[in-house]
Amino acid sequence: MKYVDEYRDHAVAQKLIAEIRRAVTRPWTLMEVCGGQTHSIVKYGIDYLLPKEVELVHGPGCPVCVTPLEMIDRAHAIARRSGVIFCSFGDMLRVPGSHGDLFQVKAEGGDVRIVYSPLDALRIASANPDKKVVFFAIGFETTAPANAMAVWQAKAQNIKNFSVLVSHVIVPPSITGILQSPNNRVQGFLGPGHVCAIMGYREYEPIAERYQVPIVITGFEPLDLLEGTLMTIRQLEQGRAEVENQYARAVTRDGNVEAQKMINRVFKITNRSWRGIGIIPKSGYRLNYEFQEYDAERIYDVENIQTLEPAICIAGQVLKGLKKPHDCPAFGKECNPQTPLGATMVSAEGACAAYYNYGRHMVAAGSLGAKL
């Protein structure tokens, strides 16, 4: 398949690994920011193919995983309301709140529907004028343009029975938060390719300069990740701290300017809570004043909800790169895809799900890394 098989070539992978071995002279800790990158790393055993001097830790780039528990509980409270059709992407339905998940809400009689686009939810609202339709608008900058477009069209078409429960978060402040942490040990980043396809990478340049840390915008296939790792190691070994773009086939420095304009029309920057991490200043989006009539939090008055996080779950430490899934005493036991304790076990981009799905709760490390 064009632009896929080329980035899974075994011979090229071995050459890149050999180059990394030649380049590295001391231990380095790198963080891949995006959950999609984490899944590729675990699926292909890339972290076990790298020399022992290079450690990859997993970052907060799973949008489902970092959606705060209080927002999940607000979604459940709204979805239980009579006369409400609650629409969401499928990966949110298994995410545990304080008391069950959206599948349970649906089983109890809530009208919960999976959609593939926020515009699908808008069409449902148009077709059901006697119902209130709420779309769960989560994600990073990648999904923000489409969600903004749905709100924009709702206003343009005067659709009054549509609203969005907004829980958008932004990547650069989370990287800054990691670097400012007294426990931080990350020395270089494999940056989020999909986010940068929308936003470009200009906003990462001040971070690299201020904290003297390399940031290499990287794709999601094995060769992308290996080349991104090599580029980051070379910077570290040479004492450089720059933003470089490995994912040039999809990312430019300025990104998608029209998508950015749509985001800025509908949303404004706000403080956001990240699940397992806490509040990060100016790290998310909320609706601009002129679109407040589409704000589900305001409409349904669900701000004062008490949450209950499982004490044993270490998802927050995994998202900050401080621990890995197998460090959790519940991993693969009390916490598994059938009975998850945290979002990192059920999300398609969650680190715990990657470790479980690719057998790291059963297989010895030395036997992995064979797929390349």
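For the numbers below, each heavy atom of this structure counts, side chains included, while hydrogens, waters and symmetry mates do not.
- Here the shortest heavy-atom pairing between F89 and I114 reads C-CG2, 4.5 Å.
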Candidate pair H39 and Y358, rule side-chain contact (heavy atoms from CB on, under 4.5 Å), full reasoning: CA-CA 9 Å; H39 272 252; Y358 298 113; 4.1 Å; yes
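- Taking a cutoff of 4.0 Å between a charged side-chain nitrogen and a carboxylate oxygen, E53 and R21 do not qualify as a salt bridge.
- A donor-acceptor pair under 3.5 Å links the side-chain atoms of N357 to the main chain of A353, judged by distance alone.
- Legend: residues meeting salt bridge (charged side-chain N to carboxylate O under 4.0 Å, His left out) with K261, ordered by chain and number and at least two apart, are E258.
- No side-chain heavy atom of M231 sits less than 4.5 Å from a side-chain heavy atom of R234.
- A salt bridge links E108 with R80; the closest basic N to acidic carboxylate O contact falls under 4.0 Å.
- Linking Ile, Leu, Val, Met, Phe, Trp and Tyr residues whenever their side-chain heavy atoms come within less than 4.5 Å places I159 and V115 in a single cluster.
- A donor and an acceptor atom, one from each side chain of D224 and T218, are nowhere located under 3.5 Å apart.
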Criterion side-chain contact (heavy atoms from CB on, under 4.5 Å) on I178 and R185, from CA distance to verdict: CA-CA 9 Å; I178 288 167; R185 58 194 188 93; over 6 Å; no
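- Side-chain contact check for H58 and E32: at least one donor-acceptor pair (N or O, by modelled atom type) lies under 3.5 Å.
- Linking ILVMFWY residues whenever their side-chain heavy atoms come closer than 4.5 Å, directly or via other members, places V164 and L122 in the same cluster.
- No more than 12 heavy atoms of other residues, nucleotides or ligands sit less than 6.0 Å from atom CD1 of I279.
- Under the 3.5 Å distance criterion, the side-chain polar atoms of K131 are left unmatched by any main-chain donor or acceptor of V84.
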Test log, rule side-chain contact (heavy atoms from CB on, under 4.5 Å), inputs H76 and H99: CA-CA 9 Å; H76 294 180; H99 308 284; over 6 Å; no
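- The closest side-chain heavy-atom distance from P325 to R360 is not below 4.5 Å.
- Heavy-atom neighbours of E205 CD from other residues, nucleotides or ligands within 6.0 Å: above the threshold of 12.
- Residue R286 places its CZ atom among 12 or fewer non-hydrogen atoms of other residues, nucleotides or ligands, all under 6.0 Å distant.
- For E244 and Y201, the side-chain atoms include no donor-acceptor pair closer than 3.5 Å.
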Residues E70, S273; criterion side-chain hydrogen bond (donor to acceptor under 3.5 Å, both in side chains); working and verdict: CA-CA 9 Å; E70 57 265 29; S273 176; 3.1 Å; yes
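- By the rule that hydrophobic residues join a cluster once side-chain heavy atoms approach within less than 4.5 Å of another member, L230 and I41 end up as members of one cluster.
- Between E221 and E6, the closest side-chain pair of non-hydrogen atoms is not below 4.5 Å.
- Between the T339 side chain and the E334 main chain, a donor and an acceptor come within less than 3.5 Å of each other.
- Within the structure, the ring pair (Phe, Tyr, Trp, His ring centres under 6.0 Å) test picks out the following pairs touching residues 293-335 (sequence neighbours left out): H326-Y355.
- No side-chain heavy atom of V186 sits under 4.5 Å from any side-chain heavy atom of L30.
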Candidate pair S98 and D73, rule side-chain hydrogen bond (donor to acceptor under 3.5 Å, both in side chains), full reasoning: CA-CA 7 Å; S98 296; D73 287 349; 2.6 Å; yes
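- Taking the centre and axis of the six-membered ring of Y285, the NZ or CZ atom of K268 falls outside the cone set by 45° and 6.0 Å.
- Judged by distance alone, with hydrogens and angles left aside, the side-chain atoms of N245 form a donor-acceptor pair with the main-chain N or O of V251 at under 3.5 Å.
- Closest approach of I277 and P60 over heavy atoms only: CD1-CB, 4.0 Å.
- Taking the ring axis of F291 as reference, the NZ or CZ atom of R265 does not stay both within 45° of it and closer than 6.0 Å to the ring centre.
- Within the 4.5 Å cutoff, the side chain of F136 has no heavy atoms near those of the V112 side chain.
- A salt bridge links E55 with K324; the closest basic N to acidic carboxylate O contact falls under 4.0 Å.
- For the disulfide (SG to SG under 2.5 Å) test, no residue two or more places apart in sequence or in another chain qualifies with C313.
- A donor-acceptor contact closer than 3.5 angstrom links the side chains of T25 and E237.
- Taking the six-membered ring for Trp and thresholds of 30 and 60 degrees, W274 and F140 have ring planes inclined between 30 and 60 degrees apart.
- At a cut-off of 3.5 Å, with distance as the only test, no side-chain donor of D120 or S117 sits close to an acceptor on the other residue.
- The backbone N or O of D254 lies less than 3.5 Å from a partner atom in the side chain of Q260, making a donor-acceptor pair.
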